[in-house]
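Throughout, a chain's letter reflects where its sequence line sits, starting with A, and its residues are numbered from 1.
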Protein chains: 2
Amino acid sequence: MEPTRWLTDGEQEIWRRTLAVLTLLPNELEGQLQRDADLTRFGYGVLATLAEAPGRSRRMSELAALANGSQSRLSHLVGRLERRGWVRRERADDDGRGCVAVLTDAGYAHLAAAAPGHVALVRSLVFDALTPTQVTQLGEITAALLTRLAPPGDCPASSDHGGSTADGR
Amino acid sequence: MEPTRWLTDGEQEIWRRTLAVLTLLPNELEGQLQRDADLTRFGYGVLATLAEAPGRSRRMSELAALANGSQSRLSHLVGRLERRGWVRRERADDDGRGCVAVLTDAGYAHLAAAAPGHVALVRSLVFDALTPTQVTQLGEITAALLTRLAPPGDCPASSDHGGSTADGR
DNA sequence: AGCAGATACTTGAAGCGTCAAGTATTCGGT
DNA sequence: ACCGAATACTTGACGCTTCAAGTATCTGCT
């Protein structure tokens with residue numbers, strides 16, 4: 001067992017700031033979505049993912065993976081979204097165990113109404129705060145981090161892409 | 001009211017990855033702390049902050065601000081930590097309304113036991129995943145982001161400047 | 001065919017965080 | 001000195017997430 005390699009002073013400074021960002025940025029996003037759209041960040045992500053999907057529908061397990069959440073979490077969420085009429089559940093025809101979540105028109109409308117405000121916040125808190133060079137660096141850094149965070153063999157359904165965070169338009 | 005400035009394809013790609021990091025990295029940290037030390041990331045942060053403080057104690061409101069949490073959240077947390085014997089509450093002598101949280105020896109020991117594993121994870125997920133150059137860039141980027149997330153004069157009412165927030169305009 | 005085990009999803013309980021309201025105590029203008 | 005307003009913290013209820021268990025369906029081995 002090796003002795004712990006503590007962080008250097010410089011690393012600590014950087015890690016402290018990173019932790020703050022990891023706390024404050026999601027907080028701001030959650031707060032805005034909650035206030036303006038009565039949605040969680042996870043809920044918004046799920047609706048947005050559905051909006052980009054062919055037929056505005058996805059298998060539950062796919063959806064959970066795409067939104068980086070557990071199956072249980074998604075199940076509870078879809079239950080709530082269903083009660084609000086934003087999503088509908090249908091049985092999968094190719095697999096009797098499965099379920100597909102379908103975005104309703106009301107759900108799409110709600111997402112479309114929420115998107116502009118959310119995108120504006122993302123722009124003001126992130127992209128407007130960084131230089132173009134820093135934005136590029138952020139892209140590289142997050143890609144590097146994800147190699148450790150999203151172990152290979154986890155994203156089988158990366159066929160789609162090209163979608164938009166907000167809604168098609 | 002301006003038309004929404006949507007994210008470009010490049011920005012979307014970067015934002016998508018950033019969101020994933022914002023979700024997965026805290027998840028990993030929380031999971032490790034929960035499993036190995038029965039602590040939340042917030043709980044760990046509070047204990048760590050207390051450990052560094054003079055007298056291993058801090059006013060509740062200071063502590064909440066340093067750990068980037070609300071006063072209510074801290075109050076609930078300290079209640080739980082107190083029940084486990086890791087923290088003790090004392091009345092502030094200079095201000096009858098105030099409270100100081102004090103880290104007990106048991107609390108310090110628990111933190112000391114948890115730290116090596118946590119630091120090891122941080123190292124492996126973040127610092128080992130990035131080049132030295134990227135680590136420096138991460139430091140600069142987080143510093144830039146924090147100028148928007150943690151306004152310097154955020155305590156009293158300082159009029160907002162810099163443009164459009166999401167909701168208002 | 002039949003049965004064990006994997007897979008897809010759901011459910012209920014428990015913990016944590018937020019919000020709104022409540023209790024003390026201190027500050028500040030008159 | 002006094003009274004209303006601000007401050008420091010607490011409390012309770014409610015919503016969301018996790019964890020462990022439960023149900024239903026499918027798959028593969030014999």
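Among the nucleotides D/dT25, C/dA20, C/dC9, the one closest to any side-chain atom of B/Ser72 is C/dA20. Across C/dT26, C/dA8, C/dC16, the shortest atom-to-atom separation from the side chain of B/Arg97 is found for C/dT26. Between C/dT25, C/dA8, D/dC16, one nucleotide has an atom nearer to the side chain of A/Arg84 than all others, and that is D/dC16. Side-chain proximity of B/Asp95 to D/dC16, C/dT26, C/dT10: nearest is C/dT26.
Side-chain nitrogen and oxygen atoms of B/Ser61 include at least one within less than 4.0 Å of the OP1 or OP2 phosphate oxygen of D/dC9. Of the side-chain N and O atoms in B/Ser70, one or more sit less than 4.0 angstrom from OP1 or OP2 of C/dT18. For D/dC16, neither phosphate oxygen OP1 nor OP2 lies less than 4.0 angstrom from any side-chain nitrogen or oxygen of A/Arg41. Look at A/Gln71 and you'll find a side-chain N or O under 4.0 angstrom from OP1 or OP2 of C/dC9. For C/dG17, the OP1/OP2 oxygens have a side-chain nitrogen or oxygen of B/Arg73 closer than 4.0 Å. Contact check, B/Arg80 against C/dA14: no side-chain N or O comes under 4.0 Å of OP1 or OP2. OP1 or OP2 of C/dT10 sits under 4.0 Å from a side-chain N or O of A/Arg89.
Note on B/Arg59: only backbone sugar-phosphate atoms sit closer than 4.0 angstrom, heavy atoms only; bases stay farther off.
In this structure, B/Leu145 CG and A/Leu125 CG are separated by 8.5 Å, a value rounded to the nearest 0.5 Å.
Using a distance-only test at 3.5 Å, with no hydrogens or angles considered, a donor-acceptor pair links the side chain of B/Thr23 to the main chain of B/Leu19. In this structure, A/Glu140 contributes its side chain and A/Gln137 its backbone to no donor-acceptor pair below 3.5 Å.
Look at CG on B/Leu81: it is 10 Å from P on C/dG17, rounded to the nearest Å. The separation between A/Gln34 atom CD and C/dG17 atom P is 16 Å, rounded to whole Å. Between the CZ atom of B/Arg83 and the P atom of D/dT10 there is a distance of 12 Å, rounded to whole Å. Here the C1' atom of nucleotide D/dC9 and the CD atom of B/Glu90 are 16 Å apart, to the nearest Å. Atoms CE (B/Met60) and P (D/dT7) sit 18 Å apart, rounded to a whole Å. The interatomic distance linking A/Arg35 (CZ) with C/dA20 (P) rounds to 11 Å, in whole Å. Rounded to whole Å, the distance from CZ on B/Arg91 to P on D/dA8 is 13 Å. Here D/dT17 presents its C1' atom at 15 Å from CG of A/Asn68, a figure rounded to the nearest Å.
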Trace of the salt bridge (charged side-chain N to carboxylate O under 4.0 Å, His left out) decision for A/Asp105 with A/Arg88: CA-CA 10 Å; A/Asp105 289 346; A/Arg88 172 167 32 91; over 6 Å; no
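You'll find a donor-acceptor pair under 3.5 Å spanning the side chain of A/His76 and the base of C/dG12, going by distance alone.
Between A/His118 and A/Tyr44, the ring planes are tilted. Angles from 30° to 60° get that label.
In terms of position along DNA chain D, the nucleotide closest to B/Leu74 lies nearer the 5' end than the nucleotide closest to the other residue of the pair B/Asn27 and B/Leu74.
With respect to B/Arg16 and A/Glu52, a salt bridge is recorded, a charged nitrogen being found less than 4.0 Å from a carboxylate O.
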